[in-house]
Amino acid sequence: MGIVKISDLMHENLRLAGNALSRSINAQAEHWMRVGMLTEMHPDLDYRDICQMLIRAELAGGLDIAAAVSDQAAKPNIGSKAASTAAPKTAGH
């Protein structure tokens, strides 16, 4: 675990969103980081697809970025949305 410095405005945004969604500030920040990371890795997916991917990963034991990246590298790039929505391989947190 480490410390990440963020602006006061971002901290306030996290607090407001976290309160609205019944999450702690840290849980809200982690959610936004996961969604942002997966959005960068899968720019063809929308928010609903990303959330479904996170749920599938959680059911399988948690999101493992190293396994997800290696899975993407092993898949042929066929440009199909269906191929990119497969749940990433997971491992414990």
Side-chain angles (χ1 to χ4, degrees):
M1 178 162 72
I3 295 175
V4 176
K5 294 187 181 211
I6 60 171
S7 69
D8 290 338
L9 178 58
M10 180 56 73
H11 189 270
E12 181 63 14
N13 290 338
L14 285 163
R15 187 187 68 73
L16 289 170
N19 285 341
L21 299 170
S22 300
R23 295 180 180 133
S24 69
I25 291 172
N26 286 345
Q28 184 63 41
E30 285 190 33
H31 174 71
W32 281 351
M33 285 187 279
R34 278 188 212 100
V35 169
M37 175 187 64
L38 290 170
T39 299
E40 287 185 349
M41 292 174 64
H42 304 280
D44 55 321
L45 301 181
D46 61 20
Y47 180 73
R48 182 183 59 86
D49 295 329
I50 296 290
C51 288
Q52 289 176 351
M53 181 184 288
L54 285 168
I55 291 167
R56 285 191 304 270
E58 188 62 29
L59 288 170
L63 184 64
D64 180 354
I65 184 68
V69 169
S70 65
D71 279 357
Q72 280 301 111
K75 287 182 185 174
N77 186 6
I78 59 174
S80 152
K81 186 173 180 177
S84 64
T85 59
K89 273 198 169 187
T90 57
H93 297 276

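With a 4.5 Å cut-off on side-chain heavy atoms, Val35 and Leu54 count as touching.
Cluster note: Val4 groups with Ile6, Met10, Leu14, Ile25, Trp32 through ILVMFWY side-chain heavy atoms spaced under 4.5 Å, whether in direct contact or through intervening members.
By the rule that hydrophobic residues join a cluster once side-chain heavy atoms approach within less than 4.5 Å of another member, Leu9 and Leu16 end up as members of separate clusters. Linking ILVMFWY residues whenever their side-chain heavy atoms come closer than 4.5 Å, directly or via other members, places Ile50 and Met37 in the same cluster.
Here Arg23 pairs with nothing under the salt bridge (charged side-chain N to carboxylate O under 4.0 Å, His left out) rule; sequence neighbours left out. Looking at residues two or more places apart in sequence or on another chain, you find a side chain to side chain contact (heavy atoms under 4.5 Å, CB included) between Leu59 and Ile55.
To the nearest 0.5 Å, atoms CG (Asp44) and NE2 (His42) are separated by 8.0 Å. Separation of atoms CG (Asp49) and CG (Leu38) is listed at 11.0 Å; rounding is to 0.5 Å. Put simply, CZ on Arg48 and CE on Met53 are 12.0 Å apart, with the number rounded to the nearest 0.5 Å.
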